[in-house]
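For reference, the structure discussed in these notes is given below.
Note that the coordinates shown come from a computational prediction; the quantities given were computed from them, not determined experimentally.
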Amino acid sequence: MELKLMMEKLGAPQTHLGLKNMIKEVDEDFDSKLSFREFLLIFRKAAAGELQEDSGLHVLARLSEIDVSTEGVKGAKSFFEAKVQAINVSSRFEEEIKAEQEEKKKQAEELKQRKAAFKELQSAFK
């Protein structure tokens with residue numbers, strides 16, 4: 001699920017089968033999960049040209065790498081700053097959604113309390 005979300009955030013969503021194939025391509029211990037070591041192996045294989053051109057891992061490696069020798073240090077700095085800013089924007093969006101959900105819960109609780117108070121007052125007149 002984490003790999004799926006990461007690929008979506010990078011703008012390269014994958015199908016369930018595509019994700020399974022990505023994991024299988026670097027899964028050295030055959031547990032159908034990516035360990036940190038196996039995750040790093042993606043980039044090692046990409047640098048060595050060992051990833052299939054049409055694989056999701058190749059897309060992942062291409063989306064999250066920069067060649068400092070061609071872009072320069074300032075280009076690399078800009079690349080990583082843009083990545084951090086994109087992550088922060090999505091985090092802010094998620095925070096706004098959570099805040100809205102909390103506000104709705106608070107309003108629902110207040111409504112429930114008002115209804116209970118009204119029923120209590122209503123029972124006094126019966």
Side-chain angles (χ1 to χ4, degrees):
M1 192 61 174
E2 291 169 337
L3 182 60
K4 178 182 186 271
L5 292 173
M6 181 182 69
M7 293 301 290
E8 287 174 358
K9 283 187 177 188
L10 287 172
Q14 300 290 311
T15 64
H16 184 71
L17 290 176
L19 292 167
K20 283 187 167 220
N21 288 335
M22 288 171 63
I23 292 170
K24 192 182 342 179
E25 198 170 340
V26 291
D27 190 14
E28 292 180 324
D29 55 5
F30 304 106
D31 63 351
S32 298
K33 297 177 184 175
L34 283 181
S35 66
F36 182 67
R37 183 186 185 301
E38 291 165 340
F39 182 75
L40 294 177
L41 185 62
I42 296 169
F43 301 100
R44 188 176 307 134
K45 283 187 169 192
E50 297 174 4
L51 294 177
Q52 299 171 5
E53 289 288 324
D54 60 342
S55 76
L57 292 180
H58 183 67
V59 172
L60 170 62
R62 193 179 70 242
L63 285 173
S64 56
E65 71 178 14
I66 186 165
D67 186 1
V68 177
S69 64
T70 59
E71 298 295 326
V73 174
K74 288 186 180 182
K77 178 181 180 244
S78 299
F79 173 81
F80 288 112
E81 286 175 346
K83 291 282 184 189
V84 168
Q85 185 177 12
I87 290 169
N88 288 339
V89 167
S90 65
S91 294
R92 275 189 244 130
F93 180 69
E94 290 170 5
E95 288 174 10
E96 288 175 9
I97 291 172
K98 287 179 184 177
E100 287 176 8
Q101 290 172 343
E102 290 297 321
E103 183 64 30
K104 286 181 183 180
K105 285 180 186 178
K106 182 179 173 185
Q107 289 174 353
E109 185 62 35
E110 289 173 356
L111 179 63
K112 187 177 175 182
Q113 289 174 354
R114 285 195 313 265
K115 283 184 178 182
F118 178 78
K119 286 188 180 201
E120 187 177 317
L121 288 173
Q122 187 181 28
S123 67
F125 290 104
K126 287 186 178 180

Problem set entry | For K33, all residues meeting salt bridge (Lys or Arg N to Asp or Glu O under 4.0 Å), sequence neighbours excluded | none

For this session: Can you sort out the partners of E28 under salt bridge (Lys or Arg N to Asp or Glu O under 4.0 Å), two or more places apart, ordered by chain and number?
Result: R37

Residues which pass side chain to side chain contact (heavy atoms under 4.5 Å, CB included) with [X], listed by chain and number, not counting sequence neighbours:
{"X": "K4", "result": "M1, E8, L19"}
{"X": "I23", "result": "L3, D27, L34"}
{"X": "E109", "result": "K112, Q113"}
{"X": "E110", "result": "K106, R114"}

For this session: Decide yes or no for K115 and L111: does some side-chain heavy atom of the first lie under 4.5 Å from some side-chain heavy atom of the second?
Result: yes

